[in-house]
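Okay, structure first, notes after.
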Amino acid sequence: MSAPAPSVAIQAEPFDTAAEIAQIGAELGGRAGAIVTFTGLCRDEGGRLAALELEHYPGMAEAEILRVAEAAVARWPLQALRVIHRHGLVSPGDGIVLVVTASSHRVAAFEAADFLMDYLKTRAPFWKREHLADGTTGGWVEAAAHDDAAAERWR
């Protein structure tokens, strides 16, 4: 069986995690042994944050995420892979990113999802700026050293 074509979407509107899982499950028709999801949420940073603004270069961001998603499909025996990433203003508690992987066995699904999230946290072409609860706009958010360290294991 050939590797599935990954699905990548970058959108302003919220995503429905349950609907995405149901759609992949229906498409696979009982062939999957595991569907793993990761939903990254916007934190309020202890009440300090009103929203997070996410910017990207349309076209370039989708192509780069698709390139990495294709690498995941080549590396693990996946049956489905979907990445949805939001842009625009995202409020605390709202989803920013959704990764869904499906495989015959759980290890491949977990590892592929982890690989994708490490990439998205460290190298995906998005820029994040904080909008603070006091009404001011904060600075651009830098990548965290612990995220960079986690991504090193996949090289």
Side-chain angles (χ1 to χ4, degrees), residues 1-43 45 49 52-130 140-155:
M1 175 183 262
S2 65
S7 171
V8 172
I10 299 177
Q11 61 193 45
E13 43 296 315
F15 48 80
D16 182 337
T17 302
E20 296 296 334
I21 294 167
Q23 180 180 357
I24 288 173
E27 290 169 3
L28 292 175
R31 293 189 318 270
I35 295 178
V36 169
T37 63
F38 175 85
T39 304
L41 305 174
C42 179
R43 296 182 300 265
E45 300 294 351
L49 194 67
L52 192 61
E53 177 183 358
L54 295 118
E55 291 189 7
H56 72 294
Y57 289 120
M60 182 186 92
E62 291 91 341
E64 180 60 15
I65 294 170
L66 182 59
R67 183 187 69 75
V68 175
E70 288 170 342
V73 167
R75 187 171 183 167
W76 287 278
L78 299 177
Q79 297 168 321
L81 186 156
R82 178 131 174 93
V83 177
I84 302 174
H85 204 296
R86 303 265 312 273
H87 68 88
L89 285 178
V90 180
S91 298
D94 289 347
I96 295 173
V97 62
L98 175 66
V99 172
V100 184
T101 57
S103 183
S104 293
H105 302 284
R106 65 182 165 83
V107 172
F110 272 114
E111 287 181 355
D114 206 17
F115 166 80
L116 283 158
M117 279 311 306
D118 282 341
Y119 163 76
L120 290 168
K121 286 290 289 182
T122 59
R123 299 188 49 217
F126 286 90
W127 297 269
K128 301 173 190 171
R129 182 169 40 194
E130 296 179 325
W140 295 98
V141 178
E142 296 290 326
H146 64 272
D147 290 329
D148 288 331
E152 283 299 314
R153 67 189 156 143
W154 305 112
R155 294 185 192 268

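These numbers come from a predicted model, not from an experiment.
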| request: State whether the side chain of Glu62 and the backbone N or O of Gly59 hold a donor-acceptor pair below 3.5 Å, judged by distance alone. | output: yes
| Glu27: partners by salt bridge (Lys or Arg N to Asp or Glu O under 4.0 Å), with sequence neighbours left out | none
| message | What I'd like to find out is whether the side chain of Leu52 reaches to under 4.5 Å of the side chain of Glu130, using heavy atoms alone. | response | yes
| task | Give the C-alpha distance, both sets of side-chain angles, the deciding distance and a yes or no for side chain to side chain contact (heavy atoms under 4.5 Å, CB included) between Leu81 and Trp76. | result | CA-CA 11 Å; Leu81 186 156; Trp76 287 278; over 6 Å; no
| request: Begin with the C-alpha distance, continue with both residues' side-chain angles, and end with the deciding distance and a verdict on side chain to side chain contact (heavy atoms under 4.5 Å, CB included) for Arg123 and Val68. | output: CA-CA 10 Å; Arg123 299 188 49 217; Val68 175; over 6 Å; no
| said: Show the nearest heavy-atom pair for residues Leu116 and Ala69, with the distance to one decimal. | reply: CD2-CA, 3.9 Å
| Can you pull the side-chain hydrogen bond (donor to acceptor under 3.5 Å, both in side chains) pairs that have at least one residue in residues 80-101, sequence neighbours excluded? | Ser7-Arg82, Glu20-Arg82
| query | Which pair of non-hydrogen atoms, one from Phe15 and one from Ile84, has the smallest distance, and what is that distance? | reply | CD2-CG2, 3.8 Å
| query | What are the two closest heavy atoms between Ser103 and Pro77, and how far apart are they? | reply | OG-O, 2.8 Å
Pairs under 3.5 angstrom only: tabulate donor-acceptor contacts from the side chains of residues 33-43 to other protein residues two or more places apart or in another chain.
{"unit_1": "Arg43", "atom_1": "NE", "unit_2": "Glu45", "atom_2": "OE2", "d": "3.1"}
{"unit_1": "Arg43", "atom_1": "NH2", "unit_2": "Glu45", "atom_2": "OE2", "d": "3.1"}

| field | Minimum heavy-atom distance between Pro4 and Val73, given as atom pair plus value | value | O-CG1, 3.4 Å
| task | Answer yes or no: is there a side-chain heavy-atom contact under 4.5 Å between Ile65 and Phe126? | result | yes
| message | Suppose the criterion is salt bridge (Lys or Arg N to Asp or Glu O under 4.0 Å): which pairs have a residue in residues 69-80, not counting sequence neighbours? | response | none
| remark: Taken to the nearest 0.5 Å, the spacing of Arg153 CZ from Asp118 CG works out to 4.5 Å
| said: To check you understand the geometry: which heavy-atom pair defines the closest contact between Pro125 and His56, and what is its length? | reply: O-CB, 3.6 Å
| Residues in salt bridge (Lys or Arg N to Asp or Glu O under 4.0 Å) with Arg67, at least two apart? | Glu64
| message | side chain to side chain contact (heavy atoms under 4.5 Å, CB included) for Met117 and Leu120? Distances and angles first, verdict last. | response | CA-CA 5 Å; Met117 279 311 306; Leu120 290 168; 3.9 Å; yes
| Counterpart residues, ring-ring contact (aromatic ring centres under 6.0 Å, His included), relative to Tyr57 (two or more places apart) | Trp127
